[in-house]
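First comes the structure, then the notes that go with it.
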2 protein chains.
Amino acid sequence: MGARREGTETKARLRTEARDLYLDGGFAGFSLREVARRAGVSAAAVYRHFDSKEALMRDVCAAGFHIFSSYLLRALAARTPRERMAACAEQYLRFAVENPRDYRFIFMGAAEDFATLAPADTTESASTFHFLVDRVRECMQSRVLAKADPYTVAATIWAHVHGLVSLRLSGHFAGYGSDEEFARFYRAATAQLLSGLAE
Amino acid sequence: MGARREGTETKARLRTEARDLYLDGGFAGFSLREVARRAGVSAAAVYRHFDSKEALMRDVCAAGFHIFSSYLLRALAARTPRERMAACAEQYLRFAVENPRDYRFIFMGAAEDFATLAPADTTESASTFHFLVDRVRECMQSRVLAKADPYTVAATIWAHVHGLVSLRLSGHFAGYGSDEEFARFYRAATAQLLSGLAE
DNA sequence: GTCTATAGGTGGATAGAC
DNA sequence: GTCTATCCACCTATAGAC
């Protein structure tokens, strides 16, 4: 039994180390050998737990989506539609700032680094979008946003926050300095957009 | 002279193949050997034109920005600040639709994969940004936009159009069907943002 | 300017002992 | 289940002939 638990722990450890290695150095510095090194096992041991490098990476990526969802769901804790919408924007930012490589993987085309990963991505992003449409819809019902097609408005909002975040993560907004400075700009710009959609 | 022209063409060919190889297979499948193979020359020949793998990728980036600039500059032909701003948005869209691969390479993540690419890239995007700030400024002077910090407003606008375009190009807006359908949505969403910034 | 050949290296995956 | 040892494919970059 002790042996069995140790095996499971090694597998989890490999997942964690693989994720961190990817998050630290991107695809460029990623290798199974280095993952094994960090996990304190030989390279060959990895193949007792995963069929291939891709199988391991698929596992890591699923974890990225899981984290993203956990951020977004916190927005439901707010009490009014308006607050839930604001919380969505805030959680979206937090996820991106605290997990930039996960963000990039999911929304900025890094998925192409791991060829066979695309399908899950499409499914997951559709459900994320649906979540946002629901928030928009309840804002319209309580007149926080002007009535319009919820899908179009949701797409506008998503594009807005994604645009801010992705330009930031790819270094084009380097002028905003610290994460806190950028966060202030993000909040101001987003509030402005929402008030523009309210009239 | 014939020889000289052929050399130039080989260089351009290498640039194109490098860009497409990266966009097709991501960082994973990228190698100078494969670029050379596709261009129909030996791997060693690449080093006659570029100092290193990174130098090649920098060049690809610069070429993309050159095309991008040519689109944006056409917006100056419009006669009023308001029309120039609208033309900016339109040319931005046109560049993305007509050169999606260049757009993706420049603005959607190649920078992080090729570590030392940032410097040149940053410079180019800064001058683009400056161009937009000027358009915003003249709109504020003629009261087409409300007075505010031009940099912040320009960043908001850029993030907005980039968000729309990049989500479109990465397939997350597949629901909008044809390019024309997307263009209509893009124009409506952008007009809405600008009117929100006008009050 | 392009080639072939090669140096020098990394990494995925497997074989077989323990 | 983990190890060591190994195979093999592929990579960047350089040297030197043509």
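Values reported hereafter were calculated over all heavy atoms of this structure, with side chains retained and with hydrogens, waters and symmetry mates removed. A, B, ... follow the sequence lines: proteins, then strands. Residue 1 opens every chain.
Among residues two or more places apart in sequence or in another chain, the side-chain contact (heavy atoms from CB on, under 4.5 Å) test is passed with B/R37 by B/R33, B/E34. In this structure, the ring pair (Phe, Tyr, Trp, His ring centres under 6.0 Å) partners of B/F95, at least two apart in sequence or on a different chain, are B/F68, B/Y71.
The CZ atom of B/F50 sits 13 Å away from the P atom of C/dG1 (whole-angstrom rounding). The CZ atom of A/F30 sits 11 Å away from the P atom of C/dG11 (whole-angstrom rounding). Here D/dG1 presents its C1' atom at 12 Å from CG of A/L14, a figure rounded to the nearest Å. Here D/dT2 presents its P atom at 18 Å from CZ of A/R37, a figure rounded to the nearest Å. The separation between B/K11 atom NZ and C/dT2 atom P is 11 Å, rounded to whole Å. Going from atom CG of A/L21 over to atom P of C/dG12 covers 10 Å, rounded to whole Å.
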Identify all side-chain donor-acceptor contacts of residues 188-195 of chain A below 3.5 Å with residues at least two apart in sequence or on another chain.
{"residue": "A/T190", "atom": "OG1", "partner": "A/Y186", "partner atom": "O", "Å": "2.8"}
{"residue": "A/S195", "atom": "OG", "partner": "A/Q192", "partner atom": "O", "Å": "3.1"}

(request) I would like to know whether B/F105 and B/F65 meet ring-ring contact (aromatic ring centres under 6.0 Å, His included); could you show each step before the answer? (result) CA-CA 10 Å; B/F105 193 90; B/F65 267 110; 9.9 Å; no
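OP1 or OP2 of C/dC3 sits under 4.0 Å from a side-chain N or O of B/S42. Distances shorter than 4.0 Å separate none of the side-chain N or O atoms of A/S31 from OP1 or OP2 on C/dT10.
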(message) Each nucleotide in nucleotides 13-18 of chain D should get exactly one letter: B, S or -. Can you fill that in based on protein heavy atoms under 4.0 Å?
(response) BBB---
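Within the structure, the salt bridge (charged side-chain N to carboxylate O under 4.0 Å, His left out) test picks out the following pairs touching residues 158-168 of chain B (sequence neighbours left out): B/R168-B/D179. Applying the salt bridge (charged side-chain N to carboxylate O under 4.0 Å, His left out) test to residues at least two apart or on different chains, none of the pairs has a partner in residues 147-166 of chain A.
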